[in-house]
Structure formats: C-alpha cells, structure tokens
Amino acid sequence: MAMGLNCFSALEYFSTEQLQMIHAGALEILEEVGCELHHEEAAALLANAGARVEGQRVYLTAGMVERALRTTPNEILVYDRDGNQAMDLSGRNAYFGTGSDCIFLRDSFTGERRVFTEKDMIDAVRLSDALPNVDFLMSMGMIDGVEPEHQCQQQYANLIKYSSKPQVVVAVSRQSLEDIVQLAAAIAPGGHEELRQRPRFVLYTEPSSPLLHSFDAIDKLIYAAENLIPTNYAPGMMAGATGPVTPEGAVTLAAAETLFGLVIHQLTSPGAPFLFGAGMSNIDMVSMQPSYASPEAMMTQAGLCELGRNLYSLPTWGFAGCCASKLADTQAINEAATYIFMAGLTGTNLNHDLGYLEFGLTFSFDLLVMADESVGQLRRIMDGIPLTRETMAVDAVKAVGPGGNFLAADHTLDHYKENWSPGVTDRNTYERWAALGATSMEERCKEKITDILMGMPSLAGCAGAIDRTLAGIMGAGE
C-alpha cells in the first residue's frame, strides 16, 4: 500500500553525506576484515569476480559491490495465491505481516503459554487472513510434533491452504526451499515459470553476525537468485553482543554483511530481486536478551532502511508490531504500536513480526489483533491531507454560516467516511460502554478472535493439490 503520498516530509536520520560514510565503512570492512564463508561454490564465484580468498576468509573489492548494486532491481512485485498483484515493494510503500517460528503460543482464552499445535497454526492463518491490515503471512509458530526437515513444508502448506495472502517463508535448507516452491507451483496455473514471473512469496534468510556466512544460508540465497525468488539476506545481530553497541556501528556492520550476500546473489543471477534490511536489536545488559522495540532497535532499522532506499535504491526489509512483553498487555501494544509507526514514518517496505511477544519466542493472537488496529491508524495518518478547494470546505462554511452546524451538511455526508473507523478501540460514552458490558480492549480482542474463528475452517479449492504434493514430498524424504 502506497503511504505518505500526501505527507510533506518523512522521518530520516542521515544526510546523503552520512549515508556515504556508512557505505564507505561497510566497504572498508569487506576489503580489510573480510567475511568467513562456508560455501565452496560461492567462494569460487567470488574469486572469479575479483575477490581475494584465503581459506574460508573472503575479501571483496569496492568494485564488486558497486557492480552488484547496479544490477539489483529497485522494485519487487509480489502476488497473492491467485496471481493478483498484492505488494509493490519500492519507494516508501509499507506493508505489514506476521513473523515466523515462535516456539510458544500465549493462549487467548486460557492465558497459558504452551507449544503450537497444527490447529493453532491453522487458526493463526485464518485470523491473519481475515484482518484487513495484515498484508502478508509468515508461519507464526513451530508445529509441535512435526520433524525439523518437514517443518517448513508443513507450515507453508497451511499458509497457502487457509489464506490467499502472499507469504514470507523460511527454509532450513535448499531442499526445504525447493519443496516449498513445488507446493506453490502445484496450484499456480503456469507452474514454476509463472512463479518466476509472478512470485507468491519472499524468502527470509540471514548470515550469522559478525561476518559469518553459513553453507545453508548461502545455498538458499543462490537458489533464490537462480529461480528469481525475491529474498532478503538480513543479519539478526544483537548490538553490543554480536555487533557494535552503537546504532551507527550496528548499521555499518549490517550493511557489510548484507552487501556480501548481495554480491553473491547478483553474481549468480544479475537482476534477481533482493530486499535490503536487517534486525539489530541491542542487548539488554540486565536480562542479556535482545531488546525488541527499544528506541535503538527502531533507529538502526530506520538508518539501514535509509541506506537501502536513498543511497542504493533498493526495496527494504524490517520489523514492526513486536515486543519484549510476556503478555498481550499495555507494554506489548505500546512497544508494538511504536514500532509500527516508526516503520511507516521511515518508509520500510516489508515489515514482519506482528503479534510477537517475548523477543519472538511467543506468538499472541490478541497482540496481532491490536497490531492490525495500529496499522490501520498508521495508514490513515500516512495518507496525509490532500489539500483541495473541496476539502478546504470554504463553500461548505459559506452554506452553513455563523451559528449553524455541519452534521447534516452535504460536505459532511460526502466526506465523513474518509475518517478512520476503529475495530476494537472503544469510543462510546461511559453509559453506553457500561451497557455493552464494560469491556477492556483485551476482552474486545478476544471477542473478535472468536467471531473470526467460529465454525469449521473453510479450505480453498487448492487444498487437494497441496495435500497430494505435500504427501509426495514427505514420502520422498523418508
């Protein structure tokens, strides 16, 4: 969704000169420190392109980085299950979706923190599909009882059966990624070639900070490039532990790590789609945990997004709607909503983790519903004020005159629906609120969850093809 078209200015931290300083620092790291690479094919590819390779340490030249940046597209179009364009990842367009692979679920009705079941995941997908401001889906939870080598495939089968929205997927290996592509191709009318031209999902993969690139991370990156699957290569550092503690230092290291992946990606397939971004939550020195939604985490995301968009002209990747709280409480929505608004103000294109509690260990349906409401508010705010003679209402003021009212004015009837309407936010008088049950937002969220999930799941017509393909994949792996 295009955002900020009618806003005069946006939030930015760095000037062009400062972005160039960060870029120069990232190049210096790549040239003088290098990266540890555990992938012989990628090392040979880099060596042939001019890199210096000393065992598993690889040093890139500035020219290699600049050539990769020149061939990377500045727009990525992502399509839904039915082949309709759903997201335009470019400029300042901002889209929001869930995160992946939480170990626990905070049960909305018992309050219990427990493992994810497959029914929980199906319910999470159906809930996400129904929420109007959730633009894409990730897996949200690890399905209890499913073997690791089949986890991602089973997750994706549920995503594509119970929602038509596009996805961001994770894969433990090239093979699991190939299986996910096979599942997507099973219901795409044009099969694999259609997926190359109209991708249904984005791949999430990452290096290991600081400056280490594993075999599986690079192998998936290469496969994505070969098959034109949009992908990021997003470091998940803890600033102060696996990266520098200062926001500027975290941004510089993350840029170096991401650019290293980008060079391999573009050498494999020049022009393949790539998103630029990272997670750089600073470590909390008391709990020794990543401080999700800290001011510094948001600032570093904003700074890296600026580098990607303003200096490199690349689509960008980031976080929103997540928190450190253990419950879907006041702390949770404060942190989640702040992150959502920061992502919108800074224009990050693809923002994941709506509904995350506890640094991403626990998922919450309740927080997801609250976050959906916050994204709706953000979108209305970022729509801005399209100043025209009609919206200035000068003629309406003339018609109403002194002492009149605008309640029944034509101008009001023509425009009042442009105002944002809440879903779980209460605007009633005290008396009406009390008459309706005196509910809290948390209680209204539970009511909304129940309303959406009532009845049996409605499967898409593609379910049979997905189940048959998944059965073949599972059987092949035995």
> With a 4.0 Å cut-off, would you call K119 and D123 a salt bridge?
Replying inline: yes
Count the heavy atoms of every other residue, nucleotide or ligand shown that sit under 6.0 Å from CD of E54, and state whether that count exceeds 12.
-> yes
- Would you please indicate if the ring centroids of H352 and F96 are separated by under 6.0 Å? no
#### Entry: Short side-chain donor-acceptor distance under 3.5 Å, S294 and N282
yes
Would H23 and E66 satisfy side chain to side chain donor-acceptor pair (under 3.5 Å), going step by step from the backbone distance to the final call? CA-CA 11 Å; H23 177 62; E66 300 302 336; 2.8 Å; yes
Note to self: Within the 3.5 Å criterion, strictly below it, is a donor on Y13 or E306 matched to an acceptor on the partner's side chain?
What the structure shows: no
Any chance the side chains of S325 and E358 put a donor and an acceptor closer than 3.5 Å?
-> no
Report the C-alpha distance between F116 and F104 in whole Å, list the side-chain angles of each, state the deciding distance to 0.1 Å, and finish with yes or no for ring pair (Phe, Tyr, Trp, His ring centres under 6.0 Å). CA-CA 6 Å; F116 252 86; F104 304 106; 9.6 Å; no
Criterion side chain to side chain donor-acceptor pair (under 3.5 Å) on E257 and S209, from CA distance to verdict: CA-CA 8 Å; E257 293 172 333; S209 300; 2.9 Å; yes
| message | If we ignore hydrogens and angles and just use 3.5 Å, is the side chain of T71 paired with the main-chain N or O of A68 as donor and acceptor? | response | yes
If only atom types and distance count, is the side chain of D101 paired as donor or acceptor with the main-chain N or O of M142 below 3.5 Å?
-> no
>> Taking R309 first and then E12, would you say they form a salt bridge - that is, a charged N and a carboxylate O separated by under 4.0 Å?
In response: yes
Worksheet item: Do H38 and F215 have ring centroids that are under 6.0 Å from one another?
Response: no
Which of D353, T348, N349 passes side chain to side chain contact (heavy atoms under 4.5 Å, CB included) with N351? It is T348
Problem set entry | Check ion pair D216-R174 (N to O, under 4.0 angstrom) | no
Centres of the F260 and Y233 rings: under 6.0 Å? no
(request) Give a yes-or-no answer on whether the side chains of D120 and T117 include a donor-acceptor pair shorter than 3.5 Å. (result) yes
